[in-house]
Amino acid sequence: RAVLAISGDIPRAQMGTARALLALRRATEAKDSLAAFRALVGTSATLEYNSAVAEMLLEHRDEAQARLHDSLKLNPTYAPSLLLLATYQYEVGQLEQAASLVERFSKQFPRHLPAIKLSAANHLRTGDNTSAAEVLLQGLIVAPEDATVLAMLGNARFRAAIDIFPEEPV
């Protein structure tokens with residue numbers, strides 16, 4: 001904020017302030033910095049993404065989704081927007097749309113760990129445990145010690161074993 005007090009017309013300072021405020025969950029103040037950034041440089045995929053995060057924090061889900069779509073119109077491969085939109089779509093039950101986004105992104109960026117986790121979670125949600133395990137094995141190549149990937153892989157393999165032997169007594 002000290003930089004903004006000296007010169008509020010520095011776009012990088014406006015965006016940095018907005019991101020810091022979002023990290024502090026101070027969405028209303030962040031929106032002010034984002035509006036100032038927009039006035040200085042216009043729109044961008046990053047701006048629309050951060051605006052979506054602010055709207056999510058304020059629980060304005062429809063507005064957040066619109067900002068994410070705006071971000072993707074500006075840059076169809078902007079990873080943060082793709083992943084946040086897919087996560088939102090999973091949360092509201094738009095499973096097919098979310099799966100389509102994640103699969104498209106995963107093919108484009110096969111070593112992107114958050115996309116790998118989201119893709120695996122989608123396979124687990126739909127009961128495709130074998131595919132989830134396959135995706136997570138790719139995750140181990142990217143991050144061999146990632147606790148979430150290891151836990152999800154164990155879960156997927158356990159579920160796949162139940163699928164194979166559903167009636168076996170223990």
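Heavy atoms only: backbone and side chains are in, while hydrogens, waters and symmetry mates are out. As the structure is a computational prediction, the values presented were derived from the model and not from experiment.
Note that the CG atom of N129 and the CD atom of E134 stand 11.5 Å from one another [nearest 0.5 Å]. Here CD1 of I116 is found 10.5 Å from CE of M152. Values are rounded to the nearest 0.5 Å. For the atom pair CG (L153) and CG (D146), the distance works out to 11.0 Å, reported to the nearest 0.5 Å. Here the CG atom belonging to L68 is positioned 9.0 Å from the CD atom belonging to Q89, to the nearest 0.5 angstrom. Here CG of L34 is found 11.5 Å from CZ of R67. Values are rounded to the nearest 0.5 Å. Note that the NZ atom of K31 and the CZ atom of R26 stand 16.0 Å from one another [nearest 0.5 Å].
Linking ILVMFWY side-chain heavy atoms closer than 4.5 Å, directly or via other members, places Y78 and L74 in two distinct hydrophobic clusters.
Taking 4.5 Å as the limit, some side-chain heavy atom of L21 sits within range of a side-chain heavy atom of S33. Counting heavy atoms from C-beta outward, L140 and L150 have side chains that approach closer than 4.5 Å. Side-chain contact between Y90 and L118: present, with at least one pair of heavy atoms (C-beta onward) separated by less than 4.5 Å. Put simply, the side chain of L113 reaches to within 4.5 Å of the side chain of V149, judged on heavy atoms. A 4.5 Å side-chain heavy-atom check between V53 and M56 finds every atom pair outside the cut-off. Between H112 and V142, every side-chain heavy-atom pair lies at or beyond the 4.5 Å cut-off.
Side-chain N or O atoms of S119 include none that pairs as donor or acceptor with a backbone N or O of A115 at under 3.5 Å. Of the possible donor and acceptor atoms, one in the side chain of S51 sits under 3.5 Å from a partner among the backbone N and O of L47.
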With salt bridge (Lys or Arg N to Asp or Glu O under 4.0 Å) as the test, would you mind laying out the steps for E91 and R61 before giving the verdict?
-> CA-CA 11 Å; E91 288 176 6; R61 300 242 178 217; 3.2 Å; yes

Would Y49 and S44 count as a side chain to side chain donor-acceptor pair (under 3.5 Å) if you check the C-alpha gap in whole Å, the side-chain angles of each, and the deciding distance to 0.1 Å?
-> CA-CA 9 Å; Y49 166 78; S44 70; over 6 Å; no

Give the intermediate values and the outcome of side chain to side chain contact (heavy atoms under 4.5 Å, CB included) for residues R104 and L82.
-> CA-CA 9 Å; R104 183 181 92 198; L82 279 167; 3.1 Å; yes

Could you give me the CA-CA distance, side-chain angles and deciding distance for K73 and E48, then say whether salt bridge (Lys or Arg N to Asp or Glu O under 4.0 Å) is met?
-> CA-CA 10 Å; K73 284 178 192 167; E48 297 301 337; over 6 Å; no

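Within a 6.0 Å sphere centred on CZ of R38, heavy atoms belonging to other residues, nucleotides or ligands number more than 12.
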